Student: 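Pasting a structure below so you can have a look.
In each ligand, atom 1 is the first atom listed, and ligand 1 is the first ligand listed. Computed from a predicted structure; not experimentally measured.
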Amino acid sequence: MATLHATAEPAQDPAYAIAMAQFNAVADRLDLEDGLRALLGASKRELTTHFPVKMDDGSIRVFTGYRIQHNLARGPAKGGIRYHPQVSLGEVRALAMWMTWKCAVVNIPYGGAKGGVACDPKNLSLGELERLTRRYATEISILIGPESDIPAPDVNTNARIMAWIMDTYSMNVGYSVPGVVTGKPVDLGGSQGREEATGRGVAIVAREAMRLLGKPLEGARVIIQGFGNVGSNAGRILNEMGATVIGVSDSSGGVYNPDGLKPSEMEEFRAAGGRFCDYPTHKCITNAQLLELPCDILIPAALENQITAKNAPHIRAPLIVEGANGPTTPEADAILAERGILVVPDILANAGGVTVSYFEWVQGLERYFWDFSEVTTKLERVMTQAFTEVAALSQREGVTLRDAALMLGVQRVAEAIRLRGVYP
Ligand code: GLU
């Protein structure tokens, strides 16, 4: 791998193109003032850092990382950090903007941010991963803090990485600051239920969407693209709610069984380092094939730009619930709407993670911790209320759930800016 990787122009990044097309359409619909449109169409702060990491073989490799704050009108910046070879300035910019709308849709008092490092964690030893994390955390320490910008896990990052970030930040200031990250291990001030929260939120909104369609969740056939933290927990919880998972995939390919798969077995297989393309007893299918199989609920829970104008005409699910951020392009959205396929958008569907991050932050500030059932009861309330609000707005305005969620989110942020006024 080249040490310094050249990133594409942000404007050409597919995620950024999706985020801006969505924002411009909703800004038109809301008739947003020119000043607000310009302000909300850009990030507030963007940090790019090229930093060295000592590798196990004694060499030094330079990595590129980002931390971007999109908007802080409603509160401190909030959003995850992802480690992936495709991380770029444009992608992180898009993801930060989506965090702003997402926090506003579930009405938690945060602005939006995102971070990322262009790297392939599969090719790093544990020691290299820790040194990369600690150096990146130090590089972005001019932005992050419990009152200013609070990172969390995202693609390929987890509680252990959050613990290293918390420790690094704390070492640099000289005292422990658990509130600087969420998604920490429970033993370090993390919240019960945070690990599964995004998946649980996806399952809750899938249940609500099925109710809206007048269909039973019991026996509903579910296909999940991506079996990381979000996909695997959504699959397990939907299974507990009575649905049947019939297809899953990871980056290597997918496994399909129309009679049902056991999410717990799939999780065990993955935890033991298995790749679905090698799954015994089942023929491997591609991710592209998986998305076009017949089912009742399709959950893209991997990366951006998966449902496009090319495959949208062939999707055979009446309901799509977006576990990933930005999996559907605006062109695909139009095709799906035309075909009567209901899409529960990312900024609503996967907001369970940041919602329990908020709970974790609140518990940390109070130094008073809740049990699992208190967390899930509160999560249920936030997710069902947000779903109800978005569904009502979509009906009232005659728009898709995505447009309604974006309208709600952008409107709330715009109102916060109007109330605060422009300084000086
Ligand atoms: N990375 C998650 C997301 O995209 C969670 C962010 C957070 O908890 O701050 O929503």
Student: Starting at CG of D13, measure out to CD1 of I18 and round the result to the nearest 0.5 Å.
Tutor: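 Answer rounded to 0.5 Å: 8.5 Å.
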Student: Around atom 10 (O) of ligand 1, find the nearest protein heavy atom and jot down its residue, atom name and distance.
Tutor: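 Ranking protein heavy atoms by distance from atom 10 (O) of ligand 1, first comes K102 NZ, 2.6 Å.
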Student: Please list, in number order, the atoms of ligand 1 under 4.0 Å from a heavy atom of N325.
Tutor: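 Atoms satisfying the 4.0 Å criterion: 4 (O).
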Student: Between S357 and R194, do the side chains contain an N or O donor and an N or O acceptor separated by less than 3.5 Å?
Tutor: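 Short answer, yes.
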Student: Find the distance between CG (N71) and NZ (K44) and round it off to the nearest 0.5 Å.
Tutor: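 The distance works out to 8.0 Å.
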Student: Between Y110 and Y358, what is the ring plane arrangement, given parallel below 30°, perpendicular above 60°, and tilted in between?
Tutor: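 Plane angle over 60°, so perpendicular.
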Student: Any idea which part of T198 is under 4.0 Å from ligand 1, heavy-atom wise: side chain, backbone, both or neither?
Tutor: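 The answer is neither.
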Student: So among Q69, H70, K114, which one has a side chain to side chain donor-acceptor pair (under 3.5 Å) with T100?
Tutor: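 Among Q69, H70, K114, the one that satisfies the side chain to side chain donor-acceptor pair (under 3.5 Å) with T100 is H70.
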Student: Among the heavy atoms of P153, does any lie under 4.0 Å from an atom of ligand 1?
Tutor: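 Under 4.0 Å: yes for P153.
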Student: Need the ligand 1 atom indices (1-based, order shown) with element for anything under 4.0 Å from a heavy-atom of K114.
Tutor: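 The list of qualifying atoms is 1 (N), 3 (C), 4 (O).
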Student: Could you give the distance from NZ (K262) to CE (M266), rounded to the nearest 0.5 Å?
Tutor: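 K262 atom NZ to M266 atom CE measures 11.5 Å (nearest 0.5 Å).
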Student: Note the single closest protein heavy atom to atom 7 (C) of ligand 1, along with its residue, its atom name and the distance in Å.
Tutor: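 Result for atom 7 (C) of ligand 1: A152 CB, 3.3 Å.
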Student: Calculate, to the nearest 0.5 Å, the distance between atoms CZ and OG belonging to R134 and S141 respectively.
Tutor: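 Rounded to the nearest 0.5 Å, the CZ-OG separation comes out at 13.5 Å.
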Student: Please identify which atoms of ligand 1 are closer than 4.0 Å to at least one heavy atom of V354.
Tutor: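 Those of ligand 1 that fall under 4.0 Å from V354 are 7 (C), 8 (O), 9 (O).
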Student: Which atoms of ligand 1 sit under 4.0 Å from any heavy atom of M99?
Tutor: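 Taking each heavy atom of M99 in turn, ligand 1 has 3 (C), 4 (O), 6 (C), 10 (O) under 4.0 Å.
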Student: What protein heavy atom sits nearest atom 1 (N) of ligand 1, and how far away is it?
Tutor: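 So the nearest neighbour among protein heavy atoms is D154 OD1, 2.7 Å.
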Student: Show which atoms of ligand 1 fall inside a sub-4.0 Å distance from at least one heavy-atom site of G79.
Tutor: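 Under 4.0 Å from G79, ligand 1 has these atoms: 9 (O).
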Student: Of all the non-hydrogen atoms in the protein, which one sits nearest to atom 5 (C) of ligand 1, and at what distance?
Tutor: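 Of every protein heavy atom, R194 NH2, 3.6 Å lies nearest to atom 5 (C) of ligand 1.
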Student: So, taking the atom named CG in L72 and the one named CZ in R420, what distance separates them when rounded to the nearest 0.5 Å?
Tutor: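 Here the rounded value is 7.5 Å.
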Student: If the cut-off is 4.0 Å to any non-hydrogen atom of S357, which atoms of ligand 1 fall inside it?
Tutor: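 That gives atoms 7 (C), 8 (O), 9 (O) of ligand 1.
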Student: Tell me: protein heavy atom nearest atom 9 (O) of ligand 1, and distance?
Tutor: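 Scanning the protein heavy atoms, the shortest distance from atom 9 (O) of ligand 1 goes to K78 NZ, 2.8 Å.
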Student: Looking at OG1 of T157 and CG of N229, how far apart are the two atoms once the value is rounded to the nearest 0.5 Å?
Tutor: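 Spacing of OG1 (T157) from CG (N229) equals 9.0 Å.
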